[in-house]
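Here the structure comes first, spelled out in structure tokens, and everything after it is commentary.
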Amino acid sequence: MVVSLFTVITILFFLFRMVPGGPMSAIMSPRMSPEAQRRVIEEFGLNEPLWKQYLLYMAQVVQLDFGQSFYYSRPVTNIIGDRFINTMSLMLTAFTISYAFGIFFGAQLGWIRGTTKERAGMLVVLLLRSTPVFWTGMIVLYIFSFELGMFPLGGMRGVTANYSGTADKFLSVDFLYHLALPVFTLCTYYTGLPLLLMRNNLLEVLSEDYIDTARAKGLTNRRILFQHAVRNAILPVVTAFAIAVGFAVGGQVLIETVFSWPGLGREMVQAALRSDYPVAQGAFALMSFIVITMNFIADIAYTYLDPRVKLGGT
């Protein structure tokens with residue numbers, strides 16, 4: 001895991017220095033005097049050889065110091081930290097609801113395979129899954145905000161909102177009011193993946209001998225489904241959830257744009273457009289760390305959900 005993260009950070013360092021003009025093109029202005037340009041170059045260490053810049057950068061990364069933003073003139077850690085919390089408050093809420101509903105209804109559809117209800121449910125799921133999420137977001141925003149006026153047009157909080165602390169900000173009615181539409185939009189799209197995974201895996205599990213044995217013992221359908229079938233069919237869903245949470249750090253850029261949500265995904269795009277390389281590097285490094293970590297957690301979760309799977313390949 002450490003080696004993978006080290007490799008990603010190294011690639012990011014050299015990748016952002018291969019862009020036309022390099023980092024200096026982002027911080028230099030034609031109006032700056034030669035003396036001012038020299039001071040800026042020395043401040044950011046761009047006068048040092050590339051190998052030395054790399055070693056200095058890696059030493060700072062170990063200390064969780066990604067430097068100063070070219071655009072905000074603030075520490076990168078503070079910027080991506082704020083955006084990270086905003087993104088995760090949105091994405092984790094959406095993923096938790098999506099996977100809870102997806103696992104439950106996917107199991108139900110797999111159990112009633114071949115019925116009219118199953119075919120109707122699959123039609124709805126495939127329709128929502130194939131619909132572009134930004135298009136759904138615009139339709140939801142138009143109906144519930146523009147036409148009905150039931151929800152705000154965007155943002156994380158009202159203009160006049162005032163919070164006493166972080167907990168108060170993310171647990172307030174105003175925040176939940178702004179959270180509702182983007183979460184609903186994301187759920188209509190993301191529920192399809194765990195639902196389809198659960199349904200398809202359950203169809204295979206239901207043909208196993210231990211399911212026939214459970215029926216022969218006279219167990220209820222509910223107990224057979226949730227205590228025997230679902231536990232074995234859920235393994236691929238666990239992996240999908242872990243990977244999805246990892247990539248959620250990057251946010252859903254389109255949704256954050258449609259609903260004006262100040263998240264990390266939107267900031268990553270803006271940092272690239274502004275040539276704010278320290279922020280872009282820090283954001284990509286954070287996303288890589290979360291993806292690698294969540295994959296590791298998924299492997300550990302496998303050993304709990306399926307005793308046949310052992311760490312170390314034994």
Are Y54 and V62 in one and the same hydrophobic cluster, where Ile, Leu, Val, Met, Phe, Trp and Tyr link if side-chain heavy atoms are under 4.5 Å apart? no
Who passes side chain to side chain contact (heavy atoms under 4.5 Å, CB included) against I97, sequence neighbours left out? T93, F101, V183, C187
With the 4.5 Å side-chain cut-off for hydrophobic clustering, are L193 and L127 part of the same group? no
Compare all side-chain heavy atoms of E267 with those of I80 and state whether any distance is below 4.5 angstrom. no
How long is the span from the CG atom in L254 to the CZ atom in R266, to the nearest 0.5 Å? 12.0 Å
Check against side-chain contact (heavy atoms from CB on, under 4.5 Å), T188 and V140: CA-CA 11 Å; T188 60; V140 167; over 6 Å; no
On a heavy-atom basis, the closest approach of G192 and V125 is CA-CG1, 3.8 Å
Please list, chain by chain and in numerical order, all residues satisfying side chain to side chain donor-acceptor pair (under 3.5 Å) with Y99, sequence neighbours excluded. none
Working to the nearest 0.5 Å, report the span between OG1 of T191 and CZ of F105. 9.5 Å
With heavy-atom distances below 4.5 Å as the criterion, would you say the side chains of L109 and K117 are in contact? no
Rounded at 0.5 Å granularity, tell me how far CG in D82 sits from OG1 in T77. 11.0 Å
Heavy atoms, side chains only, cut-off 4.5 Å: are Y189 and T185 in contact? no
Enter the distance from L92:CG to I85:CD1 here, rounded to the nearest 0.5 Å. 12.0 Å
One should read off an interatomic distance between D276 CG and M268 CE, to the nearest 0.5 angstrom, of 12.5 Å
In terms of heavy-atom contacts, P152 and H178 come closest through CG-CD2, 3.4 Å
More than 12 foreign heavy atoms under 6.0 Å from CZ of F184: is that the case here? no
CG-OG1 distance between L126 and T131, expressed to the nearest 0.5 angstrom: 10.5 Å
When you group the ILVMFWY residues by side-chain heavy-atom contacts below 4.5 Å and let the links chain together, are L195 and L123 in the same group? no
Nearest heavy-atom approach of G137 to V258 is C-CG1, 4.0 Å
Can you list the other members of the hydrophobic cluster that holds L203, where links are side-chain heavy atoms under 4.5 angstrom apart? none
Do V269 and T257 make a side-chain contact, defined as non-hydrogen atoms from C-beta onward lying under 4.5 Å apart? no
Students should find that the hydrophobic cluster of L128, defined by side-chain heavy atoms under 4.5 Å apart, otherwise consists of V124
Mind checking what makes side chain to side chain contact (heavy atoms under 4.5 Å, CB included) contact with F151, not counting sequence neighbours? F144, S145, Y177, A180, L181
Looking at P194 and S98, what are the two nearest heavy atoms and their distance? CG-O, 3.9 Å
Parallel, tilted or perpendicular: which describes the rings of F175 and W261, with under 30° parallel and over 60° perpendicular? tilted
The test is side-chain contact (heavy atoms from CB on, under 4.5 Å); show your working for V279 and Y71 and say whether it passes. CA-CA 9 Å; V279 172; Y71 181 80; over 6 Å; no
Using only heavy-atom distances, determine whether the side chains of E256 and T87 contain a donor-acceptor pair under 3.5 Å. yes
In the structure I gave you, are the side-chain heavy atoms of L264 and N86 within less than 4.5 Å of one another anywhere? no
Heavy atoms of other groups near R74 CZ, more than 12 under 6.0 Å: yes
Using the side-chain hydrogen bond (donor to acceptor under 3.5 Å, both in side chains) rule, collect all pairs that involve residues 118-129, keeping only residues at least two apart or in two chains. E118-R199
